[in-house]
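Structure first, commentary second.
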2 protein chains.
Amino acid sequence: MTRTVFEKPDAVALVAEVFRELGYEGASMSSITARTKLSKGSLYHFFPGGKEQMAAEIMAHIDAWFVTEVFRPLEEDDPRAAILGMWETTDTYFRSGRRVCLIGAFALDETRDRFPSAIQNYFLRWIEALAGALTRAGLAAAEARVLAEEAVVGIQGALTLARALGDDAIFGRTLARLKERLGAAVE
Amino acid sequence: MTRTVFEKPDAVALVAEVFRELGYEGASMSSITARTKLSKGSLYHFFPGGKEQMAAEIMAHIDAWFVTEVFRPLEEDDPRAAILGMWETTDTYFRSGRRVCLIGAFALDETRDRFPSAIQNYFLRWIEALAGALTRAGLAAAEARVLAEEAVVGIQGALTLARALGDDAIFGRTLARLKERLGAAVE
DNA sequence: TATTTTATAGACCAATCAGTTTAGAAGATC
DNA sequence: GATCTTCTAAACTGATTGGTCTATAAAATA
């Protein structure tokens, strides 16, 4: 009998992709075991709290990744360069729109009511980090906030349309448009 | 024993709201019967094909509504007035962002694979109808298309953030910004 | 190498799932 | 008012759900 041994960080990442593809309700334990190759025993060993704990830890993992890779870099010295880096990181993370935003997807149905603050904070911090960079690049606080909100709205909307249309180009087009608009505002 | 008698159009509308709130996988037959007060007998009488038929008919119903209330009005004589009307209709339909886009939500998870053309056509037709109005208002076809895409992306993104943040104002702010941007382009 | 800890496999559970069936009530037609 | 069609209620089905448990394999520690 062959056995495959997993480590928890790998389990989190594997299960995350299943939730991302199927949504919280759509991701049944059997679909999770089938797609990740982790047995139920392994899953409940790592996540005694079941699906709810899996989703909570996945969201915490995503949040930590964005703090390190997106939000904190936006606080660095050169705000213009930081914002340019954000477009690159965002395009890579969402695989040019082929990967959806798990937290955005959770927000749309009543899964939101299970994790309201995690969902709210993720988007709030993104908007605040970007608005902060725009402010340090010279924009008035109010204008920075409006533009940051427009950017995060555009990213989410483009992810929805990319999947709805099966269009691999719309996400890149949207990022390019937002990049130009924010770039022009801080020139 | 009291019995409530429903008509099919009412059944479609009632079930639609449950799918909208819970998503396709999240909407179980028991949650549908509980929230709509339609019994299983009634539901399978109206929709012998079960959940899949319910969702298909709901999407067709939404599509028809948008054709009548949004897409066709955009083809009327005065394109500027038609576009202004679209912002009103959109704000009302999505209840200032408190109501999500069922078709956008279906696009995000593998529910999309059940109804790929219905989902794709809904967004394609919206973009095309709006681009057509912008063209007739004087814009070059390419520019009209880009702006129309930006508008539909913005609407979807704002719906996601409205729910994620529990913010009643962000949808209206986004619509106002898009209205101004499209209005300025055709002046 | 012996022991302890960590992790896997899969049988098992009660509850819920989508869907079927049947009996009869309400509404429409005659 | 009798007949026929439409619709509802709820019991029922087999399959699947999320979750538990036990035996044991692998890894870490001693």
_Which residues in residues 10-33 of chain B have a heavy atom closer than 4.0 Å to any atom of DNA chain D?_
none
*Specify the separation, in whole Å, of atom NZ of Lys37(B) and atom P of dA9(D).*
11 Å
*Applying salt bridge (Lys or Arg N to Asp or Glu O under 4.0 Å), which residue pairs with at least one partner in residues 54-68 of chain B are found, sequence neighbours left out?*
Lys8(B)-Glu57(B), Asp63(B)-Arg125(B)
_Counting C-beta onward and ignoring hydrogens, is there a side-chain heavy-atom pair between Ile62(B) and Arg20(B) closer than 4.5 Å?_
yes
*Does any pair with a residue in residues 72-105 of chain B pass ring pair (Phe, Tyr, Trp, His ring centres under 6.0 Å), and if so which ones, sequence neighbours excluded?*
Trp65(B)-Tyr93(B), Phe66(B)-Tyr93(B)
*Excluding sequence neighbours, so at least two apart, what forms ring-ring contact (aromatic ring centres under 6.0 Å, His included) with Phe19(B)?*
Tyr24(B)
*Mind calculating the distance between CG (Leu38(A)) and C1' (dA9(C)) to the nearest angstrom?*
12 Å
*asked:* Test of understanding: with side-chain contact (heavy atoms from CB on, under 4.5 Å), list the residues that count as partners of Ala185(B), not counting sequence neighbours.
replied: Leu139(B), Leu147(B)
*Does Val15(B) reach the side chain of Ile58(B), with side-chain heavy atoms less than 4.5 Å apart?*
yes
*By a strict heavy-atom criterion of less than 4.0 Å, which residues belonging to residues 39-54 of chain B are in contact with DNA chain C?*
Lys40(B), Tyr44(B), Gly50(B), Lys51(B)
*Are Thr89(B) and Thr92(B) close enough, and set up right, to give a side chain to side chain donor-acceptor pair (under 3.5 Å), and what steps lead you there?*
CA-CA 5 Å; Thr89(B) 308; Thr92(B) 303; over 6 Å; no
*Got Phe171(B) and Thr90(B) here, is their nearest side-chain heavy-atom distance under 4.5 Å?*
yes
